[in-house]
Amino acid sequence: MPKGKGPQGKRITLKVAKNAVRVLFNGRRRLELSKMGIAIFPKCLLELADVEEIDLSRNMLRKIPNIIEKFQNLMWLDLHSNQIDELPAEIGTLQNLTYLNLCNNKLTTKGLPEELTHLKNLRTLNLGLNCLETIPTTLGALRELIELGLFDNSLTIIPKSVKKLPKLERLNVKRNPLPEFAKEDEPIDTIKRIESLYLVEKKDLCNSCLQTCQGERDELHKLEDMTPGPSDKPNFPSLTTPNSTAMDNQEEWRIK
């Protein structure tokens with residue numbers, strides 16, 4: 001088996017981690033380890049515990065270890081698109097955290113620790129695309145929450161304490177079996193409709209986009225040419241049109 005491969009996924013060394021640190025325009029340092037094939041939280045990251053942001057999205061993580069409490073400067077944590085089924089209680093110690101993305105994991109209601117409500121400065125929490133059947137009423141303690149994603153779960157009720165969060169501006173609960181969103185079956189509209197139309201000049205398009213647009217325009221012109229219209233020309237259904245090799249003196253093509 002090749003070195004660094006196997007059940008533990010890709011091995012991340014301290015050198016690799018250090019090279020993955022980016023300084024953002026606002027001065028924060030972000031550790032970018034997205035799409036690295038990581039299955040186990042690398043312990044070497046403790047050497048970089050003073051970073052403000054971590055991106056571990058699109059990996060194969062199943063657990064977040066309790067050593068996450070060492071990252072006390074953390075303000076932004078992206079863990080979306082992993083296989084996480086529960087969070088450690090220690091995540092509640094990250095008092096500076098304002099953004100937490102847990103979308104597209106395997107979280108259940110039991111996997112949400114009560115300590116999650118200790119994140120008093122949290123402004124964005126994304127729990128969409130998980131396996132949640134209920135939402136703890138204690139999430140109503142996140143008084144600074146502005147955006148909450150709960151879409152694509154199995155929720156049948158949203159607690160009032162969550163709905164009435166004082167600063168909540170965006171609550172996404174789409175594609176949940178919520179009674180208030182139940183509607184009678186409507187006929188399916190099979191016609192494709194354009195929701196947005198953007199106009200640009202040719203000079204602003206790259207060659208690839210320009211070729212694509214021109215190809216689609218040519219297809220539309222073909223459809224226009226095929227549209228039947230009024231014609232004064234006589235129609236002879238028993239006659240066929242000669243192909244490109246027919247001669248003027250060939251009479252066979254005239255009659256089927």
Side-chain angles (χ1 to χ4, degrees), residues 1-108 110-132 139 142 144-149 152:
M1 183 177 296
K3 184 179 179 181
K5 302 292 183 180
Q8 294 186 350
K10 184 176 180 179
R11 181 170 175 262
I12 300 298
T13 64
L14 181 58
K15 180 179 179 180
V16 170
K18 286 183 175 180
N19 290 335
V21 175
R22 304 287 183 266
V23 179
L24 306 181
F25 70 93
N26 56 9
R28 294 183 189 175
R29 292 159 301 159
R30 177 179 294 181
L31 180 56
E32 295 184 350
L33 294 173
S34 179
K35 296 183 288 186
M36 297 288 286
I38 302 171
I40 296 179
F41 192 92
K43 291 184 178 180
C44 67
L45 298 189
L46 287 174
E47 297 293 329
L48 302 170
D50 58 344
V51 297
E52 292 83 12
E53 301 189 2
I54 294 180
D55 183 358
L56 279 166
S57 64
R58 299 184 177 93
N59 281 294
M60 301 181 293
L61 292 169
R62 293 183 179 275
K63 304 289 181 184
I64 299 300
N66 55 15
I67 58 174
I68 194 68
E69 66 181 352
K70 301 296 184 181
F71 295 80
Q72 286 300 307
N73 289 341
L74 210 56
M75 302 176 68
W76 190 94
L77 179 58
D78 193 346
L79 297 169
H80 87 264
S81 301
N82 278 281
Q83 300 178 34
I84 301 169
D85 55 10
E86 65 176 344
L87 297 174
E90 287 75 10
I91 200 166
T93 66
L94 305 179
Q95 293 298 301
N96 291 315
L97 203 63
T98 62
Y99 176 95
L100 178 57
N101 190 352
L102 292 161
C103 175
N104 193 23
N105 277 283
K106 296 183 178 180
L107 286 169
T108 62
K110 292 182 179 179
L112 297 179
E114 184 178 349
E115 289 77 6
L116 192 64
T117 61
H118 295 171
L119 302 177
K120 301 300 184 182
N121 291 308
L122 200 62
R123 291 173 172 80
T124 299
L125 175 60
N126 193 344
L127 294 171
L129 278 167
N130 276 284
C131 307
L132 302 174
L139 285 187
L142 301 176
E144 296 296 318
L145 209 59
I146 296 174
E147 183 173 7
L148 177 59
D152 292 288

Taking the side chain as every heavy atom from C-beta outward, state whether [X] and [Y] have any atom pair closer than 4.5 Å.
X: Glu52; Y: Leu24; value: no
X: Leu102; Y: Leu87; value: yes
X: Glu147; Y: Arg123; value: no
X: His80; Y: Leu129; value: no
X: Leu77; Y: Phe71; value: no
X: Ile38; Y: Leu61; value: yes
X: Ile67; Y: Leu46; value: yes

Short N-O contact, Glu86 and Lys63, less than 4.0 angstrom
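A salt bridge links Glu86 with Lys63.
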State whether the side chain of [X] and the backbone N or O of [Y] hold a donor-acceptor pair below 3.5 Å, judged by distance alone.
X: Asn121; Y: Met75; value: no
X: Arg30; Y: Trp76; value: no
X: Asn101; Y: Leu79; value: no

Can you list, pair by pair, the side-chain donor-acceptor contacts under 3.5 Å of residues 110-118, counting residues two or more places apart and other chains?
| unit_1 | atom_1 | unit_2 | atom_2 | d |
| --- | --- | --- | --- | --- |
| Thr117 | OG1 | Glu114 | O | 2.7 |

Please evaluate residues Leu127 and Leu132 with respect to the criterion side chain to side chain contact (heavy atoms under 4.5 Å, CB included), reporting the C-alpha separation (whole Å), side-chain torsions for both, the decisive distance (0.1 Å), and the verdict.
CA-CA 8 Å; Leu127 294 171; Leu132 302 174; 3.9 Å; yes
For the residue pair [X] and [Y], what are the closest heavy atoms and their distance?
X: Ala20; Y: Leu33; answer: CB-CD2, 3.8 Å
X: Gly37; Y: Met60; answer: O-CE, 3.2 Å
X: Asn130; Y: Lys106; answer: OD1-N, 3.3 Å

Tell me whether the count of non-hydrogen atoms from other residues, nucleotides or ligands lying under 6.0 Å of NZ in Lys43 goes above 12.
no
Residues, nucleotides or ligands: over 12 heavy atoms within 6.0 Å of Arg62 CZ:
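Open: at most 12 neighbouring heavy atoms sit under 6.0 Å from CZ of Arg62.
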Side chains of Ser57 and Ser81, donor plus acceptor under 3.5 Å:
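No, because no side-chain N or O of Ser57 sits under 3.5 Å from a partner of the opposite role on Ser81.
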Output, in order, the C-alpha distance, side-chain angles, deciding distance and verdict of side chain to side chain contact (heavy atoms under 4.5 Å, CB included) for Arg29 and Leu48.
CA-CA 10 Å; Arg29 292 159 301 159; Leu48 302 170; over 6 Å; no
Run the side chain to side chain contact (heavy atoms under 4.5 Å, CB included) test on Leu45 and Lys70 for me, step by step, so that the C-alpha distance in whole Å, both residues' side-chain angles and the decisive distance to 0.1 Å come before the verdict.
CA-CA 10 Å; Leu45 298 189; Lys70 301 296 184 181; over 6 Å; no
Asp78 and side chain to side chain contact (heavy atoms under 4.5 Å, CB included): which single residue from Leu100, Asn126, Asp55 fits?
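Of the listed options, the one satisfying the test is Asp55.
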